[in-house]
Trainee: 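One structure coming up, written as C-alpha cells, with questions to follow.
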Protein chains: 2
Amino acid sequence: MRYYIVDDDSASRMMLKKIIVDGELGLVIGEAENGEKSIAPILSTLPDIVLIDFLMPDLDGIETIEKLKSQGFEGQFIMISQIVNKEMVGEAYKKGIEFFIHKPINKVEVQTILQKTAEQYRLRDSLLTIKESLASFTTAKPALKKQNVGEIVRTKLSDMGIMSEVGSNDLKEIIEMLVYKNNEPNTFPPLIDIYESLAKRQNAEDIKKEMKAIEQRLRRTILAAIQHIATIGSIDYTSREFEHYAPRYFEYQEIRKLMIEVGENRLNSSKIKVNIKKFIQVLYLEVLESYKNI
Amino acid sequence: MRYYIVDDDSASRMMLKKIIVDGELGLVIGEAENGEKSIAPILSTLPDIVLIDFLMPDLDGIETIEKLKSQGFEGQFIMISQIVNKEMVGEAYKKGIEFFIHKPINKVEVQTILQKTAEQYRLRDSLLTIKESLASFTTAKPALKKQNVGEIVRTKLSDMGIMSEVGSNDLKEIIEMLVYKNNEPNTFPPLIDIYESLAKRQNAEDIKKEMKAIEQRLRRTILAAIQHIATIGSIDYTSREFEHYAPRYFEYQEIRKLMIEVGENRLNSSKIKVNIKKFIQVLYLEVLESYKNI
DNA sequence: AGGTTTGTAGGATTTAGTAGGATTTCGTAA
DNA sequence: TTACGAAATCCTACTAAATCCTACAAACCT
C-alpha cells in the first residue's frame, strides 16, 4: 500500500509514518503540511490511501477531498483529527472517507484500521480482477492489469535497459504531462515547449539552464537505449525487445551501424544520430494506446 | 446481517436500532443492558455482529468480548462508547474488535461503518467460495505470502547467484534504507551518500575507510553477479534469469563480452566494467515496485 | 606455507551540467 | 520545383564532481 499524509502538525506526521513503517503496512510516498500543497503531488503519484487531517490552514480536509475527487482521484481517505463536533464527522463520512480516527493518535488503533482498510482494498481489487477476467473470457479479449502512466513508461524504459539513467525520470514526467494535459492527441508540441513546461514543473530556478540540462539528459539516455538495443540485436535479433523497439523508437540505419560495430568488437567509433523527438513521440503514442485500453 | 446490541443506556440502544432499521442494514435479533445478561442469548442466537458498549455495570465491554471468544463465539464486534482514554481504545482493538465508534452517536458515521463491516464480511465470504472452488482443480497453491523488503531483495540476489557473497548484506541494508527512508521515490541519492549512511548504520569507527570497503564489497559482489548471469546466458540466453536480469541490471555490452569469452573457454582475460549505480538503482526500483503491492 | 578473500589508498575514467555553435526542418516565396 | 531564412533540433567541448579501477597490504582460511 502507498500512503500519503496531509497534516499541519509535523509531530503527527512523524508518528503516523513511524506506525506505518514499524507495522510494515506499506510505504509513505509523500507528505504535505496543508491541503493546498498536497493536491499536485497526490494527483501525480496516485497513492492508494490518503491520511488527512480535518483542521488545516488554507484548505481544510473536506475541501481537499472534494477537490481531489473532482480531479478524478480515486484513492481512499482516512481522516485523522481531534474534532469533537459529531456533525462534522458525519459530513466527512458523507464525503466518502473510509474512516475517522480521533486524535490523540493511538498506535494500535491506527494500525488496526490501516490493516483493515488495506484488506478491504485488496479484497475489492481481487474481486474486480476476477470479474474482469470473467468478462473478458466471454468476449475473448485478454484482460490487462490496470497500470498508471508512470508504470507503463517504466516498463518500457526497463525493457530498453535505461531504467537507471538520469534522464529516465524526465521521460516519465514528460509522458505524464503529455497524457494528462495534451488535449488533442493528434498534435505534438515542439520539444522546446516540452522542455520548458518540464523545467517549470521541476521548480527550476533558471528555466533556460534547466531546459539545456534536460535536453542533454534526454540525449544521453536515448543514446544509451540505442546502444543497449543494438547490443541485444547483435546477440539475438529475434528477441522481443529488439523486434519491438529497434524499428519504432530509433533510426534503423543507426541501429544497424552500431550492430555491425558491436559485432566487430570496435566500440564507440563512429558517431550516432540521436533523434529525441522521434523517441518521445513514439513513447507517448504507445503509452497513450495502452493507457486507453485499460 | 444479524445484529445484537449490548448497552446499559436504553436511549442508545433505541438509536442504534433505528439506524439499522432505517438504513436497511439488517436485523436486530436481540439486546441486553449489560454484559452478563448478553452472554447466553448471544451464544444461542450467534449474531454476525455485536454492537457493544465499553462501560457497563457487572461485566464491561472488554470482559464480555473475552468471555464470548473463550466460549467459541466467532462473530465480529463493534464497540460504541464515550471513552476518552486512548489506552482503552488500543486495548479494545487488541482484543479484536472491528471498529471503535465514539459517542455521541452520529447516524452517518454508524451507517457507514456498519455498511463497511457488512461489505467486508460479504467480500471475504465470496472470495472464500471462489478459493474453495478453485482448490478443487489446483493442487499446489501458490500462497501469495507477504514478504518484507529483505526477503524480496534476497530472492533477486539468489536469482543472480550472489546470495553468499559478502556484499549481499550491504545490498540488502542499502535497499532497506532506501525503501524506508527515501521520501521522494523519484530521486536517487548519490552513491557516496548511500555509502556514508550505511557506514554510520553499521557503527563503523572510521567512516571513510568503511565507505571504501563497502564500495569494494559491492563491486566484487556485482562482478560475481555479472559473471554468473553471463554464464547462464552462454548456455541458454532464453532462460528466465538471463532475460530478466542481463538487460536491466548490467551494461549489456559487458555481458556480451563475457558471454563470448565463456563460449570460447578463455576466462578472466579482459576487464569488465561494473556499474554499481545502475545495479543498485534498478534493484531499488524493482523492490519498490513489488513492495508497494503488499 | 600457499592460496583466497577482504580492506586500503590513490589515481583514472566517466558523467552531468553548461554554453555555444552546427545542422536539420519547414513554411514561404520565387 | 528550388531557394531562403528562421525556428527547431541536434552536436561538441569543457569542467567539476561522482564513480570506477588497479594494485598492494592485511586477514583469513585450510
Side-chain angles (χ1 to χ4, degrees), chain A residues 162 164-171 174 187-199 202 204-227 249-251 253-254 257 267-282, chain B residues 162 164-171 174 187-199 202 204-227 249-251 253-254 257 267-282:
Chain A
I162 51 170
S164 69
E165 294 290 323
V166 268
S168 290
N169 199 50
D170 296 290
L171 279 171
I174 288 174
T187 63
F188 191 79
L191 288 184
I192 320 185
D193 296 356
I194 295 180
Y195 299 160
E196 193 179 343
S197 18
L198 180 56
Q202 290 173 347
E205 294 192 3
D206 187 333
I207 298 287
K208 279 215 169 161
K209 272 192 186 174
E210 185 57 25
M211 283 169 67
K212 278 293 202 178
I214 289 169
E215 189 209 319
Q216 286 300 61
R217 286 201 295 265
L218 291 177
R219 144 164 294 94
R220 285 158 179 158
T221 301
I222 295 171
L223 183 61
I226 298 180
Q227 281 162 344
Y249 282 70
F250 312 102
E251 316 256 351
Q253 305 96 297
E254 304 299 317
K257 202 156 69 181
L267 293 166
N268 56 32
S269 48
S270 68
K271 50 189 167 185
I272 301 297
K273 185 178 185 307
V274 176
N275 195 330
I276 302 178
K277 189 159 194 176
K278 177 170 185 176
F279 186 94
I280 292 185
Q281 212 162 347
V282 173
Chain B
I162 51 170
S164 59
E165 296 287 322
V166 268
S168 290
N169 199 50
D170 295 288
L171 279 171
I174 288 173
T187 62
F188 190 80
L191 288 184
I192 317 184
D193 296 356
I194 295 180
Y195 298 160
E196 193 179 341
S197 20
L198 180 57
Q202 291 173 347
E205 294 192 2
D206 187 334
I207 298 287
K208 279 214 170 163
K209 274 191 184 174
E210 184 57 24
M211 283 168 66
K212 278 292 201 178
I214 290 168
E215 189 209 318
Q216 287 300 61
R217 286 200 296 266
L218 291 178
R219 146 164 293 96
R220 284 160 181 156
T221 303
I222 295 171
L223 183 62
I226 297 181
Q227 281 162 343
Y249 283 69
F250 313 102
E251 314 255 351
Q253 297 99 306
E254 303 300 315
K257 205 154 69 180
L267 294 165
N268 57 33
S269 49
S270 67
K271 52 188 167 185
I272 300 297
K273 185 178 186 305
V274 177
N275 195 330
I276 301 178
K277 185 160 196 178
K278 179 169 186 175
F279 186 93
I280 292 184
Q281 206 165 346
V282 173

Trainee: Examine distances only and state if a side-chain atom of B/Lys278 and a backbone atom of A/Glu165 form a donor-acceptor pair shorter than 3.5 Å.
Mentor: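 Checking the backbone N and O of A/Glu165 against the side chain of B/Lys278, no donor-acceptor pair under 3.5 Å is found.
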
Trainee: Just call it for A/Lys277: base, sugar-phosphate, or nothing, with non-hydrogen atoms closer than 4.0 Å on any strand.
Mentor: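 Here A/Lys277 touches the backbone only, sparing every base.
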
Trainee: Whole angstroms only, please: what is the CD1-C1' distance between B/Ile280 and D/dC20?
Mentor: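 It is 13 Å, rounded to the nearest whole Å.
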
Trainee: Regarding B/Ile272, tell me which of base, sugar-phosphate or nothing describes its non-hydrogen contacts under 4.0 Å with the strands shown.
Mentor: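 Touches sugar-phosphate only.
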
Trainee: Look at the side chain of B/Glu254 and the backbone N and O of B/Ile272, then say whether any donor-acceptor pair between them is shorter than 3.5 Å.
Mentor: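 It does not hold such a pair.
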
Trainee: With a cut-off of less than 4.0 Å, is there a side-chain N or O of A/Asn275 near OP1 or OP2 of D/dT9?
Mentor: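 No, because none of the side-chain N or O atoms of A/Asn275 sits under 4.0 Å from OP1 or OP2 of D/dT9.
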
Trainee: Among A/Asp170, A/Leu191, A/Val274, exactly one meets side-chain contact (heavy atoms from CB on, under 4.5 Å) together with A/Leu218. Which residue is that?
Mentor: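 Exactly one candidate clears the test, A/Asp170.
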
Trainee: Where the side chain of A/Ile192 is defined as all heavy atoms beyond and including C-beta, which of D/dA8, D/dC20, C/dG20 is the nearest nucleotide?
Mentor: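 So the nucleotide nearest the side chain must be D/dA8.
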
Trainee: Check nucleotides 3-7 of chain C for protein N or O atoms closer than 3.5 Å to its own N or O atoms and list the pairs.
Mentor:
| from | atom 1 | to | atom 2 | distance (Å) |
| --- | --- | --- | --- | --- |
| C/dG7 | OP1 | B/Arg217 | NH1 | 3.2 |
| C/dG7 | OP2 | B/Arg217 | NH1 | 3.2 |
| C/dG7 | N7 | B/Arg220 | NH1 | 2.9 |
| C/dG7 | O6 | B/Arg220 | NH2 | 2.7 |

Trainee: In whole angstrom, what separates B/Tyr195's OH from C/dA9's P?
Mentor: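 Roughly 17 Å, once rounded to whole Å.
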
Trainee: Between atom CE in A/Met211 and atom P in D/dT9, what is the gap in whole Å?
Mentor: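 Distance check: A/Met211 CE to D/dT9 P gives 10 Å.
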
Trainee: Atom CD of B/Glu205 and atom C1' of C/dT8: how far apart are they, to the nearest Å?
Mentor: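 For the pair B/Glu205 CD and C/dT8 C1', the rounded distance is 16 Å.
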
Trainee: Nearest-Å distance, CD (A/Glu196) to P (D/dA8)?
Mentor: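 The answer, rounded to whole Å, is 11 Å.
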
Trainee: Passes side chain to side chain contact (heavy atoms under 4.5 Å, CB included), A/Ile194 versus A/Phe188? Steps please.
Mentor: CA-CA 10 Å; A/Ile194 295 180; A/Phe188 191 79; 4.0 Å; yes

Trainee: Rounded to whole Å, please give me the gap between CZ in A/Phe188 and P in D/dT9.
Mentor: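 In whole Å, D/dT9 P lies 9 Å from A/Phe188 CZ.
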
Trainee: Can you see if the side chain of A/Arg219 gets near the phosphate of D/dC10 - specifically, an N or O under 4.0 Å from OP1 or OP2?
Mentor: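 For A/Arg219, the contact criterion (side-chain N or O under 4.0 Å from OP1 or OP2 of D/dC10) is not met.
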
Trainee: How many Å lie between CD1 on A/Ile276 and C1' on C/dT24, as a whole number?
Mentor: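 About 13 Å, once rounded to whole Å.
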
Trainee: Tell me which nucleotide among D/dC20, D/dT19, D/dC10 gets nearest to the side chain of A/Lys273.
Mentor: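 Closest of the options to the side chain of A/Lys273: D/dC10.
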
Trainee: I'd like to know if the side chain of A/Glu210 reaches the main chain of A/Ala199, judged simply by a donor and an acceptor atom lying under 3.5 Å from each other, with no hydrogens or angles considered.
Mentor: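 Not at all, since once roles are kept as given, no pair shorter than 3.5 Å links the two residues.
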
Trainee: Check the pair B/Tyr249, B/Ile222 against side chain to side chain contact (heavy atoms under 4.5 Å, CB included), reporting the backbone distance first and the verdict last.
Mentor: CA-CA 9 Å; B/Tyr249 283 69; B/Ile222 295 171; over 6 Å; no

Trainee: Round to a whole Å and report the spacing from CD of A/Gln281 to P of D/dA8.
Mentor: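 Answer to the nearest Å: 15 Å.
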
Trainee: Give a yes or no answer on whether the side chain of A/Ser168 reaches the backbone of A/Ile162 with a donor-acceptor pair at less than 3.5 Å.
Mentor: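 Yes; judged by distance alone, with no hydrogens or angles, the pair exists.
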
Trainee: Relative to the 5' end of DNA chain C, which residue comes earlier, B/Glu215 or A/Asp206, by the nucleotide with the nearest heavy atom?
Mentor: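 Between the two, 5'-proximity favours B/Glu215.
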
